[in-house]
Amino acid sequence: MTELHTITVQLHPSYDIHVGPGIIHHIRLHHRRIVVLADERLRDQHLPTVLAALRQQQSAEIHSVVLPAGESCKNLAVFSRTLSQLAQLGLSRDSAVVALGGGATSDLAGYVAASYLRGVAFYVLPTTVLAMVDASVGGKTGINLPEGKNLAGAFHQPRGVWADTELLTTLPASVFAEGMAEAFKHGLIEDTALINAILGQHWTAHSPGLVALVAQAICVKAKIVANDPHERHERAFLNYGHTLAHAVEAATHHTISHGDAVSYGLHYAAWLGKHLGMVDITAMTRAFIDQQRPQPLPELDFAELSGFMNRDKKADEAGLRFVLLEALAKPVLMRVDDATQAAAYADWWHDVKPTV
Ligand code: GLY
């Protein structure tokens with residue numbers, strides 16, 4: 001029998017996240033007009049399956065729009081063009097937008113759904129681990145501006161998510177691995193059993209137990225989002241490791257992927273905690289790096305990364321706050337003085353710098 005997990009995000013209204021192999025064949029949506037916004041890399045591979053499943057509903061009119069691949073869809077030009085396409089297709093208030101792709105696709109599609117006619121129904125079919133455990137849960141949608149990442153957007157919760165784990169088997173190994181960094185982060189901030197499960201074996205898209213692992217990681221995010229949908233408090237804990245990660249991405253002009261940057265960022269946050277006398281998890285985050293084998297870093301200068309970190313979205317007028325762990329699964333938000341940041345950086349760099 002097919003393994004299927006359903007996680008309910010307890011918001012008002014609530015919505016279900018279905019996780020299992022082959023579930024995109026069984027999608028049913030009760031809308032008269034539906035537009036699937038799909039990453040162009042899925043045009044021949046998964047889009048036809050989704051359209052065929054949706055077309056089994058005789059009464060629905062189904063359309064698709066192909067979006068530029070990955071992050072290249074998250075801009076004002078694609079946003080505006082896609083809104084016009086929805087208008088030309090005659091979508092009305094009771095129509096639905098479906099995202100098919102990774103996190104960038106659902107960010108753009110969700111923002112389009114939030115904006116068109118001031119909001120139409122939105123569904124997500126995530127196709128990467130990262131999108132399944134993170135981007136498709138919690139309704140953060142948006143695009144990048146020339147001035148920076150995710151500077152325009154809206155909270156627009158999906159009405160349903162179908163995470164088909166069979167789709168992960170078609171991903172390059174490095175793209176699969178990226179999402180494991182977010183799943184590991186969920187373990188560190190909330191679920192020690194998830195940490196042990198991730199470190200207990202080398203995970204691939206074919207690993208037995210993957211469906212349950214993805215569902216477990218989604219449960220962490222679903223719980224946090226239900227408690228704090230608009231990131232007034234505990235949702236910020238999901239940024240554990242991300243302050244340095246975003247700086248690494250910016251300083252390397254995104255040649256280091258988000259997931260790889262998060263693997264390094266988790267290790268830096270662990271070093272910060274150790275310097276502050278909090279729980280020492282540096283061996284654990286180091287073990288994760290050894291397992292993940294992220295792309296080696298180029299030479300990185302603390303002053304430059306510090307500049308990027310201080311422009312991080314968690315910096316307010318009083319300065320930057322880091323997510324740190326008082327104990328495993330006990331995150332806190334804290335200001336950290338510059339000397340401690342620099343000392344932790346020196347230890348972190350000693351640990352992660354490429355050896356020749
Ligand atoms: N990716 C972090 C969040 O959704 O809050």
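Just so you know, ligand 1 is whichever comes first in the structure, and atom 1 is the first atom listed for that ligand.
- Not a single N or O atom of Asn239, backbone or side chain, sits closer than 3.5 Å to an N or O atom of ligand 1.
- Side chains of Gln216 and His5: a donor-acceptor N/O pair is absent below 3.5 angstrom, by distance only.
- Of all the heavy atoms of Asp134, the ones lying under 4.0 Å from any atom of ligand 1 belong exclusively to the side chain.
- With sequence neighbours left out, Ala343 forms a side-chain contact (heavy atoms from CB on, under 4.5 Å) with His275.
- Per-residue contacts place Leu238 under 4.0 angstrom from the following atoms of ligand 1 (heavy atoms of the residue considered): 3 (C), 5 (O).
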Indicate every side-chain donor-acceptor pair of residues 169-176 with a distance under 3.5 Å to a residue at least two apart or in another chain.
from: Thr169; atom 1: OG1; to: Glu166; atom 2: O; distance (Å): 2.7
from: Thr170; atom 1: OG1; to: His46; atom 2: NE2; distance (Å): 3.3
from: Thr170; atom 1: OG1; to: Leu167; atom 2: O; distance (Å): 2.8

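- Under the 4.0 angstrom criterion for non-hydrogen atoms, Lys221 is in contact with ligand 1.
- Lys149 and Glu249 are not joined by a salt bridge, as no carboxylate oxygen comes within less than 4.0 angstrom of a charged side-chain nitrogen.
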